[in-house]
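Report on the following structure.
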Amino acid sequence: MADDCIFCKIIAGDLPGEIVDQDEHTISFMDINPWTRGHALVIPRQHSANLYEITPEDLHHTAVAAKRLALTMRDKLGAEGINLLNACEATAWQTVFHFHIHVIPRYTDDPMTLPVRPMPADMEELVKVAEQLRG
Ligand code: 5GP
Ligand code: ZN
């Protein structure tokens with residue numbers, strides 16, 4: 001448990017959380033500012049700040065729990081689709097520094113829209129970036 005981590009406090013029962021799923025390694029609870037009806041967060045019980053820090057094992061456990069919750073949202077809420085979202089670092093919109101996967105059920109005509117307009121790549125730049133990534 002990390003000091004001053006609100007998600008660790010939810011795990012410990014020191015802060016309220018509307019828990020919808022749990023297992024040995026993970027807890028899932030409703031997001032307090034839902035983007036759509038049923039928006040929930042899956043977190044590992046063991047604290048890690050974000051994607052850079054989480055262990056491969058906990059990443060596996062949270063991904064498996066996210067899939068389980070996605071199927072529950074489909075079957076019990078009538079979700080027509082699911083978005084999984086993870087924010088890593090403040091620049092990428094992370095606001096709570098305990099790793100979490102947003103599981104967001106989607107419905108026709110819900111209020112979510114793409115945050116960017118996809119544009120065709122500049123192929124020269126695309127090749128350059130790929131080279132950089134391959135090292
Ligand atoms: P992030 O911005 O780090 O990707 O996501 C953090 C999420 O945690 C936000 O969607 C926010 O609404 C949610 N959140 C922040 N504080 C609380 C809280 O005290 N309880 C619950 N259930 N969700 C919270
Ligand atoms: Zn924590």
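All ligand and atom numbering here is 1-based and tracks the order in the structure.
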What protein heavy atom sits nearest [atom], and how far away is it?
atom	result
atom 22 (N) of ligand 1	Met30 O, 2.9 Å
atom 5 (O) of ligand 1	His100 NE2, 2.9 Å
atom 9 (C) of ligand 1	Asp31 OD2, 3.4 Å
atom 4 (O) of ligand 1	His102 NE2, 2.8 Å
atom 18 (C) of ligand 1	Ile32 CG2, 4.1 Å

ask   = Any idea which of Ile6, Asn50, Val96 brings a heavy atom closest to atom 16 (N) of ligand 1?
value =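 Considering heavy atoms of Ile6, Asn50, Val96, the nearest to atom 16 (N) of ligand 1 sits in Ile6.
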task = Out of Ile19, Ile101, Thr95, indicate the one that has the non-hydrogen atom closest to atom 2 (O) of ligand 1.
result =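 The residue whose heavy atom sits nearest atom 2 (O) of ligand 1 is Thr95.
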From [X] [atom1] over to [Y] [atom2], what is the distance, rounded to the nearest 0.5 angstrom?
X	Y	atom1	atom2	answer
Phe99	Asp58	CZ	CG	9.0 Å
Thr55	His60	OG1	NE2	11.0 Å
Ile11	Ile43	CD1	CD1	3.5 Å

ask   = Can you tell which part of Trp93 has a heavy atom less than 4.0 Å from ligand 1: side chain, backbone, both or neither?
value = backbone
note = With heavy atoms and a 4.0 Å threshold, my read on which part of Leu15 contacts ligand 1 is neither
Within the structure provided, determine whether [X] and [Y] are in side-chain contact (heavy-atom separation under 4.5 Å).
X	Y	value
Ile82	Leu71	no
Asp21	Thr72	no
Leu41	His39	yes

ask   = Is Asn33 close to ligand 1, meaning an N/O of one under 3.5 Å from an N/O of the other?
value =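 Such a contact does occur with ligand 1.
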Does the [X] side chain pair with the main chain of [Y], one donor and one acceptor, at a distance under 3.5 Å?
X	Y	value
Glu80	Thr108	yes
Gln94	Glu89	yes
Arg45	Ile27	no

task = Let me know which of Asp31, Ile104, Asn83, Leu77 forms a side chain to side chain contact (heavy atoms under 4.5 Å, CB included) with Thr36.
result =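 Checked Asp31, Ile104, Asn83, Leu77 against Thr36; only one passes side chain to side chain contact (heavy atoms under 4.5 Å, CB included): Ile104.
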message = Is the distance from the ring center of His98 to that of His100 below 6.0 Å?
response =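 No, too far apart.
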task = Take the Zn ion (ligand 2) and tell me which protein N, O or S atoms are nearer than 2.8 Å.
result =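 Correct list: Cys5 SG, Cys8 SG, His47 ND1, His98 ND1.
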remark   = Counting from 1 in the order shown, the ligand 1 atoms closer than 4.0 Å to a non-hydrogen atom of Gln94 are 3 (O)
key: Atoms of ligand 1 close to Ala87 [distance to a heavy atom under 4.0 angstrom, numbered from 1]   =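 Those atoms are 4 (O).
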request  = Please report the shortest heavy-atom distance between Pro105 and Arg37, naming the atom on each side.
outcome  = CG-O, 3.0 Å
inquiry  = Could you check whether any heavy atom of Phe7 sits closer than 4.0 Å to an atom of ligand 1, since that is the contact criterion I want to use?
reply    = yes
